[in-house]
Amino acid sequence: MDGQYLPIQEAKLSVLDYGFLHSDATYDVAHVWKGAFFRLGDHLERFFCGMAELHMSIPYSKAQVAEILHNCVALSGFESAYVEFICTRGTSPDFSRDPRDAENRFIAFAIPFGSVANEEQMERGLHLAVTDVLRIPPSSVDPTVKNYHWLDMVKALYAAYERGADTAVLLDTNGNVSEGPGFNMFAIKDGVVSTPDLSVLLGITRQTIFDLCAEMGIQCHAQDIAVEDLKSADEAFVTSTAGGVMPVTTIDGQSVGSGEVGLLSKRMMALYWQLHEDDRYRSVISYPGSTEQ
Ligand code: PLP
């Protein structure tokens, strides 16, 4: 933060930063698994596209950000980590309300790897509630720019908890399925995989599902998913950097398919973690005192 590496408790932000005051920020989250980043290049690409769209800039190239992220993880010593990097609008020297006057700020941190679903939920499958909360429409806030406009998500989470569910799915403005707090949604029907194409973040894990399906010769489409189609799917799962591929076994209290974690979902989960061994996607961390390259 501000050009320094610090213990996370010491990383403090000004209350005047517009990232805090206006949620005027973009960010990304990559993960490290067994000492290597997974698809770091894709996360960096998404982050830099987001900054460009928001008219933000930082004094680092992609290669320099990659180096900073590697250093954060190496200094933390975590073999598996959740690595977040953020660009905030920053502060304006004279309290100007014009965003062009602000000095953008870059922050990155590494904490232990975390998951949307805990161990028990991974085992039995997530219980989802389809809420009537609409995701902020893309014409207001572009969902492909990863952002902190989360009040819709938090509202949906409270609605889901009230109904005894683990987490929530939000709808797009046409009433179709969009995404949930920190994850993309997938349905499988008759062996065909689908995921919403509008009103969603283009998740890197979502992309990994497209890649795995292409390798396996399974059809995978980005398209509108009506709530009824999700509920009558044979299998469902959600995807996120925070947890990977996570199975869903009930929606609004009804079983999805057999009510057990689906076979294709299980296969996707296994292949997703196998892909972490693939050199095409790995950037190995050099920890202090380690000789691994
Ligand atoms: N959708 C939203 C709103 C998210 O915040 C996230 C990740 O945090 C995702 C989807 C999943 O994206 P990814 O697979 O890149 O982690």
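First listed ligand is number 1; within each ligand, the first listed atom is number 1. Computed from heavy atoms alone, side chains included, the values below leave out hydrogens, waters and symmetry copies. The structure presented is a predicted model; accordingly, all values stated were derived computationally and were not measured.
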Check: L212 and R267 side chains under 4.5 Å, non-hydrogen atoms: no
Note: R282-D279 ion pair, threshold 4.0 Å (strictly below): yes
Side chains of N184 and T195, donor plus acceptor under 3.5 Å: no
Sub-6.0 Å ring centroid separation between F78 and F113: no
Residues that, via side-chain heavy atoms closer than 4.5 angstrom, fall in one hydrophobic cluster with L198: none
Cluster link F37 to I111, ILVMFWY, side chain under 4.5 Å: no
Note down each nitrogen or oxygen pair, ligand 1 side and protein side, whose separation is under 3.5 Å; give only atom names and the distance to 0.1 Å.
from	atom 1	to	atom 2	distance (Å)
ligand 1	1 (N)	E179	OE1	2.8
ligand 1	5 (O)	K146	NZ	3.3
ligand 1	8 (O)	K146	NZ	2.6
ligand 1	14 (O)	I204	N	3.3
ligand 1	14 (O)	T205	N	3.0
ligand 1	14 (O)	T205	OG1	2.6
ligand 1	15 (O)	R46	NH1	2.9
ligand 1	15 (O)	R46	NH2	3.0
ligand 1	15 (O)	I204	N	2.8
ligand 1	16 (O)	T241	N	2.8
ligand 1	16 (O)	T241	OG1	2.7

